[in-house]
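What follows is a single structure, written as structure tokens, with notes after it.
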Amino acid sequence: MYYGFDVGGSKIALGVYDAQRKQVWTKRVATPKHDYASLLNQLVMLTHEADAFCGEQGSVGVGVPGLPVPDDGTVFTANIPAAQGQRLQADLSARLGREVRIDNDANCFALSEAWDDEFMAYPVVLGLILGTGVGGGLIVNGKPVTGRNYIVGEYGHTRLPIDALDVLGKEVEQPLCGCGKRGCIESWLAGPGFSRLFQLHYQQVLSAPDIITRYYQGDAEAVAHTERYQALLAVCFGSLLTLLDPHLVVLGGGLSNFDALYDGLSLRVAQHLLPVAKPPRFVKARHGDAGGMRGAAFLHVKD
């Protein structure tokens with residue numbers, strides 16, 4: 001059995017999956033945000049509860065909203081103060097008497113989608129999140145590519161391509177990103193960036209859901225804005241896809257549910273690829289809120 005923990009700022013979700021990758025049991029509890037001992041105890045108790053349900057010891061994977069730090073085995077995660085700077089993987093492995101694997105939540109999302117029954121046919125899968133933030137993960141032959149610092153796929157903190165300024169305007173002021181830099185893709189492609197782009201052109205503050213509602217009502221400004229955002233999305237995707245050349249791109253996060261974004265996306269992206277390159281297939285994520293648990297569980301698959 002495969003156990004997958006999705007540890008978030010407010011809740012811990014545990015999913016148990018069988019050899020056919022079907023969920024057979026799940027449970028959610030509140031996250032002990034400020035007490036590391038309590039956090040460890042909660043993870044241990046949930047694991048033992050899953051063991052009792054399964055009648056065996058399952059493998060354990062953990063997804064966190066942050067980054068494992070390879071040099072010292074600690075975790076960097078601002079959303080879970082209790083785990084910040086702690087050796088979560090080693091400590092939990094010792095308490096459970098079995099190997100625990102840990103990865104960031106974006107990689108877990110991508111891995112979950114790559115292990116979808118249909119998507120397993122694609123050797124290189126890129127999972128991209130368009131939500132409150134922008135991130136992603138790269139899966140090659142069913143395994144996450146983490147890199148030196150566990151930041152492979154974190155394209156939200158790469159710089160805007162020069163062609164993006166044709167869409168935004170060459171003199172537009174670049175906002176300060178949460179990472180401390182300016183000119184990040186996340187500042188314009190995330191949900192708040194979607195709204196920022198609208199405000200830039202129409203001097204009106206609207207949330208992403210409000211703009212999308214207006215789009216479906218046929219509002220001319222919302223329609224023009226969506227086309228502008230699609231153009232910006234294609235520019236930014238073009239650089240990333242030229243670098244990684246995936247067979248499949250799975251989009252997750254709140255904005256991924258805006259179906260209009262997929263209209264003509266392949267044709268738009270093709271304009272920013274090499275002439276001989278064909279765009280990958282673009283699809284909406286299939287596993288929703290369960291993706292974090294599924295991906296964490298599958299960190300042990302294919303050993």
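A salt bridge links E118 and R286; the closest N-O separation between the charged side-chain nitrogens and carboxylate oxygens is under 4.0 Å.
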Requested in this report: Report the C-alpha distance between L43 and L96 in whole Å, list the side-chain angles of each, state the deciding distance to 0.1 Å, and finish with yes or no for side chain to side chain contact (heavy atoms under 4.5 Å, CB included).
Outcome: CA-CA 9 Å; L43 294 171; L96 293 174; over 6 Å; no
Query raised in the report: What do the steps show when you test L197 against R228 for side chain to side chain contact (heavy atoms under 4.5 Å, CB included), and what is the final call?
Result: CA-CA 9 Å; L197 185 64; R228 190 175 294 111; 4.3 Å; yes
Requested in this report: Would you check, one step at a time, whether the test side chain to side chain contact (heavy atoms under 4.5 Å, CB included) holds for K143 with F298?
Outcome: CA-CA 9 Å; K143 286 288 189 180; F298 301 158; over 6 Å; no
Query raised in the report: Can V250 and F282 be said to form a side chain to side chain contact (heavy atoms under 4.5 Å, CB included), step by step?
Result: CA-CA 6 Å; V250 184; F282 292 97; over 6 Å; no
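In terms of modelled atom types and a separation under 3.5 Å, the side chain of H247 and the main chain of V124 share a donor-acceptor contact. Here the side chain of S239 pairs no donor or acceptor atom with the backbone of C236 at under 3.5 angstrom. A donor-acceptor pair under 3.5 Å links the side-chain atoms of H300 to the main chain of V60, judged by distance alone. At least one donor-acceptor pair under 3.5 Å links the side chain of Q89 to the backbone N or O of V100. For the pair S112 (side chain) and G292 (backbone), a donor-acceptor distance under 3.5 Å is absent. Between the side chain of Q42 and the main chain of V29, no donor-acceptor pair closer than 3.5 Å is present. In this structure a side-chain-to-backbone donor-acceptor pair under 3.5 Å is present from T31 to G8. At least one donor-acceptor pair closer than 3.5 Å links the side chain of Y262 to the backbone N or O of S256.
Sequence neighbours left out, the pairs with a member in residues 41-54 that pass salt bridge (charged side-chain N to carboxylate O under 4.0 Å, His left out) are K27-E49, D51-R98. Residue pairs satisfying the ring pair (Phe, Tyr, Trp, His ring centres under 6.0 Å) criterion with at least one member in residues 204-228, sequence neighbours excluded, are listed as follows: F194-H225, F198-H225, Y215-F258, Y216-F258. Applying the side chain to side chain donor-acceptor pair (under 3.5 Å) test to pairs two or more places apart or on separate chains, those with a residue in residues 172-187 are Q174-W188. Residue pairs meeting the side chain to side chain donor-acceptor pair (under 3.5 Å) criterion with at least one partner in residues 57-84, sequence neighbours excluded, are D71-R148, D72-T74.
We find the CG-NE2 distance between L241 and H272 to be 11.0 Å, quoted to the nearest 0.5 Å. Note that CZ of R159 is 8.5 Å distant from CD1 of I185, once rounded to the nearest 0.5 Å. We find the CD1-CG distance between I102 and N107 to be 12.0 Å, quoted to the nearest 0.5 Å. With values rounded to the nearest 0.5 angstrom, L160 atom CG is found 7.0 Å from L232 atom CG. The NE2 atom of H157 sits 5.0 Å away from atom SG of C179, with the distance rounded to the nearest 0.5 Å. The CG atom of D105 sits 6.0 Å away from atom CD1 of I129, with the distance rounded to the nearest 0.5 Å.
Pairing each heavy atom of R268 with each of A231, the nearest pair is NH1-N, 4.0 Å. Residues S266 and P279 approach most closely at O-CG, 3.4 Å, considering heavy atoms. The shortest heavy-atom contact between Y3 and E56 is OH-O, 3.3 Å. Closest heavy-atom contact between L67 and Y150: CD2-O, 3.2 Å. Minimum heavy-atom separation, G63 to A296: N-CB, 3.7 Å. The nearest pair of heavy atoms linking L40 to R95 is CB-NH1, 4.1 Å.
Looking at heavy atoms from C-beta onward, Q204 lies in side-chain contact with E221 at the 4.5 angstrom threshold. The shortest side-chain heavy-atom distance between L206 and S195 does not fall under the 4.5 Å cut-off. The shortest distance between side-chain heavy atoms of V249 and L128 falls below 4.5 Å. Side-chain contact between V62 and V7: present, with at least one pair of heavy atoms (C-beta onward) separated by less than 4.5 Å. Counting heavy atoms from C-beta outward, C184 and T158 have side chains that stay 4.5 Å or more apart. Taking 4.5 Å as the limit, some side-chain heavy atom of L255 sits within range of a side-chain heavy atom of Y229. L130 is listed as a side-chain neighbour of L233, based on a closest heavy-atom distance under 4.5 Å. Residues R281 and F119 form a side-chain contact, since some pair of their non-hydrogen atoms from C-beta on lies under 4.5 Å apart.
The cluster map of Ile, Leu, Val, Met, Phe, Trp and Tyr, joined by side-chain heavy atoms under 4.5 Å apart, puts M1 and L299 in different clusters. Grouping the Ile, Leu, Val, Met, Phe, Trp and Tyr side chains by contacts below 4.5 angstrom, directly or via other members, places L46 with I80. The hydrophobic cluster containing L126 also contains L243, counting ILVMFWY residues as joined when their side-chain heavy atoms lie under 4.5 angstrom apart, directly or transitively. The hydrophobic cluster containing L251 does not contain V235, counting ILVMFWY residues as joined when their side-chain heavy atoms lie under 4.5 angstrom apart, directly or transitively. The hydrophobic clustering, which links ILVMFWY residues whose side-chain heavy atoms are closer than 4.5 Å, places Y202 and I212 together.
Taking D166 as the reference, K170 meet the salt bridge (charged side-chain N to carboxylate O under 4.0 Å, His left out) condition, with sequence neighbours excluded.
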When the side chains of residues 11-25 are checked against the rest of the protein, which donor-acceptor pairs come out under 3.5 Å, sequence neighbours left out?
from	atom 1	to	atom 2	distance (Å)
K11	NZ	D6	OD2	3.1
Y17	OH	Q23	NE2	3.1
D18	OD1	Q20	N	2.9
D18	OD1	R21	N	3.1
D18	OD1	K22	N	2.9
R21	NE	W115	O	3.2
R21	NH2	D117	OD1	2.6
K22	NZ	D117	OD2	3.4

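Between the side chains of D210 and T213, no donor-acceptor pair of N or O atoms lies under 3.5 Å.
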